[in-house]
Amino acid sequence: MSYQHIQMPTSGDKITIQNDKLVVTDNPILGFVEGDGIGPDITRAAMRVWNAAVEKAYGGKRKVHWAELFLGEKAAGIYDGDYFPAETLEAVKELVVSIKGPLTTPIGGGFRSLNVSLRQDLDLYACVRPVDYFDGVPSPMKRPEDVHAILFRENTEDVYAGIEYESGTPENAKLAKFLREEMGADFFEDAGLGIKPISPFGSKRLVRKAIQYAIDNNKDSVTLVHKGNIQKFTEGAFRKWGYELAAEEFGEETITEAELWDKYDGKRPEGKIVIKDRIADIMFQLMQLRPAEFSVIATTNLNGDYLSDAMAAEVGGMGIAPGANIADHIAVFEATHGTAPKYANLDKVNPSSLMFSGSMMFDYIGWKEVSALIADAFGKTIKQKIVTYDFARQMEGATEVSTSGFADALIANL
């Protein structure tokens with residue numbers, strides 16, 4: 001299709017979907033959104049690392065052709081105040097795979113979260129957050145090397161569905177009246193009201209993706225995280241539907257934790273994935289005390305938001321935490337932190353969250369050699385104690401470098 005402001009590269013091939021799989025040539029077109037605040041700084045740095053790693057991995061036989069897409073403040077300047085232009089949404093669909101920097105989200109008013117809108121409009125139902133430790137990265141944990149997990153967070157339901165009614169509005173009064181008079185609910189006057197939908201369809205497709213990942217990557221367990229002891233018909237239902245899905249579709253590959261002990265005396269049979277569950281608040285404790293017990297985690301939207309950030313803190317913080325929002329095929333990879341406007345254009349912050357999100361992107365299109373090179377270069381650079389300010393202030397003898405300087409060091413270590 002033709003676009004008003006987006007310019008597709010004159011060379012390269014768009015990713016297609018055939019027989020339910022991505023078809024990626026040696027010259028794919030990938031979309032990128034620069035992002036707000038520190039977005040331009042980290043995008044420039046990360047893109048230099050990605051391009052250098054692709055060149056190193058394939059010696060010119062493969063190349064990414066980048067298409068810039070527009071969301072957030074940059075889009076507003078181009079599209080007469082529109083932070084979420086329709087043609088960007090269409091381009092993300094057309095290109096299938098894209099990556100974006102952080103986007104501005106107001107608190108308590110203004111326009112709705114662009115990240116949430118993007119996930120819901122494209123039905124990017126799985127937020128995928130791997131959490132891994134690199135030797136030498138500052139961590140509050142005694143044994144951060146035990147943290148090696150990946151979290152699948154349902155991305156479209158729960159309180160993030162955005163079904164809210166403001167206190168004092170006619171809509172709020174109408175719903176409050178119905179809840180009190182028809183449903184027998186009891187709550188304070190003038191309460192703001194929100195609806196928390198959690199469905200079997202949304203829950204099962206998320207758990208399906210988590211279990212399939214565990215199978216494809218030889219993981220030993222999938223843990224369903226929920227608050228079903230209190231919210232029995234939403235969070236508790238997520239747990240129930242997760243177990244049902246595992247039994248119905250992956251009966252040959254999985255066993256429950258109860259079966260593990262009842263039938264196998266706690267010794268996991270080779271090739272079997274253990275499906276277990278933990279209450280959300282306990283899971284926060286366990287990820288600090290016994291993180292090695294968990295490899296793949298599947299959870300609801302709000303739980304996943306909290307838990308993924310807490311897990312990231314164990315291995316160095318949000319500055320190096322990657323993420324992706326994935327549908328059945330369309331995927332948007334992203335930096336998981338905010339825009340940090342006070343550091344905008346200072347060439348100061350750590351670009352690793354976006355950089356590692358790019359590594360996830362290259363794994364997704366089958367270019368695993370690229371992500372392996374980037375991980376190796378990052379490990380070498382950390383051991384050399386060449387780091388941005390966030391790590392330098394926590395490390396003795398560190399050499400503090402800028403965003404672009406960190407990219408220079410990574411490229412030198414490829």
| request: Check for a donor-acceptor pair, side chain of D158 on one end and backbone N or O of L302 on the other, with a separation under 3.5 Å. | output: yes
| said: Are F134 and F356 an aromatic pair, judged by ring center distance below 6.0 Å? | reply: yes
| message | Has Y343 got a side-chain atom pairing as donor or acceptor with D347's backbone, closer than 3.5 angstrom? | response | no
| Going by atom types alone, do T104 and E73 pair a side-chain donor with an acceptor below 3.5 Å? | yes
| Any side-chain donor-acceptor pair under 3.5 Å between N172 and T169? | no
| Using a distance-only test with no angle check, is there a side-chain donor-acceptor pair under 3.5 angstrom linking E235 and T300? | yes
| field | Any donor-acceptor pair under 3.5 Å from T299 side chain to V225 backbone | value | yes
| task | With R143 as the cation and Y133 as the aromatic partner, state whether NZ or CZ is under 6.0 Å from the six-membered ring centre and within 45° of the axis. | result | no
| task | Would you check, one step at a time, whether the test salt bridge (charged side-chain N to carboxylate O under 4.0 Å, His left out) holds for K227 with D281? | result | CA-CA 8 Å; K227 191 61 179 172; D281 46 324; 3.1 Å; yes
| request: Answer yes or no for K276 and F294: cation-pi contact, defined as NZ/CZ to six-membered ring centre under 6.0 Å and angle to ring axis within 45°. | output: yes
| Without hydrogens or angle criteria, can the side chains of S295 and D220 be said to hold a donor-acceptor pair below 3.5 Å? | yes
| field | Any donor-acceptor N/O pair, E259 side chain to T256 backbone, under 3.5 Å | value | yes
| request: Using modelled atom types only, decide if a donor and an acceptor are shared between the side chain of S308 and the backbone of D305 within a distance under 3.5 Å. | output: yes
| request: Could you tell me whether K368 sits above the aromatic face of F362, with NZ or CZ closer than 6.0 angstrom to the six-membered ring centre and within 45 degrees of the axis? | output: no
| Will you find, in the side chains of S139 and E314, an N or O donor that is under 3.5 Å from an N or O acceptor? | no
| query | With distance as the sole test, does E90 use its side chain to make a donor-acceptor pair with the main-chain N or O of A86 at under 3.5 Å? | reply | no
| request: Sort and list the pairs that fulfil ring pair (Phe, Tyr, Trp, His ring centres under 6.0 Å) and have at least one residue in residues 200-234, not counting sequence neighbours. | output: F152-Y213
| field | Exercise: do Y389 and N350 side chains pair donor with acceptor under 3.5 Å | value | no
| query | Aromatic ring centroids of W50 and W367 under 6.0 Å? | reply | no
| query | Strictly by modelled atom types, are E94 and Y3 linked by a side-chain donor-acceptor pair under 3.5 Å? | reply | yes
| Does P85 have any side-chain contact (heavy atoms from CB on, under 4.5 Å) partners at least two apart in sequence or in another chain, and if so, which? | L71, A75, Y79, D82, T88
| field | Check: K272 side chain, E252 main-chain N or O, donor-acceptor pair, under 3.5 Å | value | yes
| D13-N27 side chain donor-acceptor pair, cut-off 3.5 Å | no
| field | N/O donor-acceptor pair under 3.5 Å between T43 side chain and E34 backbone | value | yes
| Who are the ring pair (Phe, Tyr, Trp, His ring centres under 6.0 Å) partners of Y364, not counting sequence neighbours? | F333
